[in-house]
Protein chains: 2
Amino acid sequence: MSHTVGVRQAQKQKTRQALLDAALGLLAEQSLSSLGLREVTRVVGIAPTAFYRHFRDLGELGVALVEEALGSLHSMVRAILAEQAAAEERIDRTVAVVERHVREHPAHVRFVARERHGGVRAVRQAIAGELERFGAEVADALRTQPVSRGWSDDDVRMLADLYVDRLVTTAAAILDAEDAGSPEGERERAVRVARWQLRLISIGRQHWKDEESGERP
Amino acid sequence: MSHTVGVRQAQKQKTRQALLDAALGLLAEQSLSSLGLREVTRVVGIAPTAFYRHFRDLGELGVALVEEALGSLHSMVRAILAEQAAAEERIDRTVAVVERHVREHPAHVRFVARERHGGVRAVRQAIAGELERFGAEVADALRTQPVSRGWSDDDVRMLADLYVDRLVTTAAAILDAEDAGSPEGERERAVRVARWQLRLISIGRQHWKDEESGERP
DNA sequence: CCACTCGGAGGACAGTTGTTCACTGACTTC
DNA sequence: GAAGTCAGTGAACAACTGTCCTCCGAGTGG
């Protein structure tokens, strides 16, 4: 009675996911370009050759990991952008979401931070592309805010990219602070710094127009 | 007449440098954790075992590369911090220096960006430590500026860290824009974005105090 | 000039790697 | 229920890895 749509295909995606999970786990202490195909299959418990049924090579697996890793964060930030709130509260909420994301998906965060400038071109490009879409989305959201009145599309986009970059950097910083020396102190400091820096950028944003009209006499 | 102080030791440091250079070259298209010891010695033209005369393992070589890579940038930025200039001009000069640094030491920049979150713990820590010293130095310089009047040491430090982070990110962005698609366009855009973002931070910095005194009634 | 230091050579070791090929057998489709 | 698909198997391949060991010979210090 349970032949809904493909017992076979279901099993395939199951081991495919197992491959992704195993790789992600192994990538906690090495980078993708040093990861071995056999190493991954060994953890999953399948023959090395079975790997090819799912991915052409490890680069392709890496790209799949990028989508998985950035996909979850994407939906989270989308939620923040939707709500209208005061600048100060928005910042707190944003950092809180990032903090939660790091706690729930530490491996994903580490993967993105590590492979963003890593040794595998295809993965780098996948991350860059995803972050670009990300930036465009943030820019759209920023444009609707009153503060952006009179801003050029280009200026809004540069601001959006700055925000996106801070998000990624912040997440990586929180993660680093976790498995480092002091257990609670470093992490809390990272969060504090992130909030402070976002606040500074927000203030700069609010006073941007005064400056621009005043600097050309 | 040329037995100044050690023909032998001179030769040793020469091959040591050759090892560093060879590794740096190979690291253009892979990450440190996937780099092979034999791979490096093959490029230099020495026996694999000779490697051990200079480094215990590749991690140690990586740490040496960190010092070499960050050392050059360090002295450059120190020069910028020394000179007193208007905010706008200072930003232009800073970005110009970064741009020049990327052009002259692309491999070093790529190495730092790649291994900052890379798979080798010792190297990560070396970079983190170096950037921390870096941040402290920038903080010292910022403290002497009139704009920082009334700022706590902690606030100045967070600002300094933000600046340092932007420098590294900017350098990496310029580098990425170079060997990507469009030859001149992308690079110039990266520079423009960097300047814009620094300007925004600078404005936020100037209006920081107003905001702080106004938000608590 | 002689004893010594020490950067480097070269062989050999056991492991590991990615990829190939023909194969099996449970699921799917008609 | 027969024919076909296809995820996973297992042996075999050449190529490579890091490290150990012994040896060499040019520079060094007395």
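Letters go in sequence order (proteins before strands), and every chain restarts at 1.
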Can you check side chain to side chain donor-acceptor pair (under 3.5 Å) on A:Glu130 and A:Gln125, steps first, answer last?
CA-CA 8 Å; A:Glu130 208 71 38; A:Gln125 287 177 343; over 6 Å; no
For B:Gly59 and B:Val120, work out which heavy atoms get closest and say how close.
CA-CG1, 4.3 Å
What is the nucleic acid contact for A:Arg56, judged by heavy atoms within less than 4.0 Å: base, sugar-phosphate only, or nothing?
nothing
Dot-bracket for DNA chain C, please, read 5' to 3', with Watson-Crick or G-U wobble pairs under 3.5 Å on both distances, ( ) within the strand, [ ] crossing, | other strand, . unpaired.
||||||||||||.||||.||||||||||||
On a heavy-atom basis, the closest approach of B:Arg110 and B:Asp179 is NH2-OD2, 3.1 Å
Are the side chains of B:Leu198 and B:Tyr163 in touch, meaning some heavy atoms are under 4.5 Å apart?
yes
How does protein reach along nucleotides 1-13 of chain C, written 5' to 3' as B (base within reach of a heavy atom under 4.0 Å), S (only sugar-phosphate), or - (no contact)?
----BBBBBBBB-
Euclidean distance, atom CG of residue A:Asp57 to atom P of C:dG18 [Å, nearest integer]
11 Å
Presence of A:Arg42 side-chain N/O under 4.0 Å of C:dG18 phosphate oxygens OP1/OP2
no
A:Tyr52 has its side chain closest, among D:dG27, C:dG18, D:dG18, to C:dG18
Residues A:Asp140, A:Arg143: salt bridge by 4.0 Å N-O rule
yes
Measure CD/A:Gln13 against P/D:dG8 and give the value in whole Å, please.
12 Å
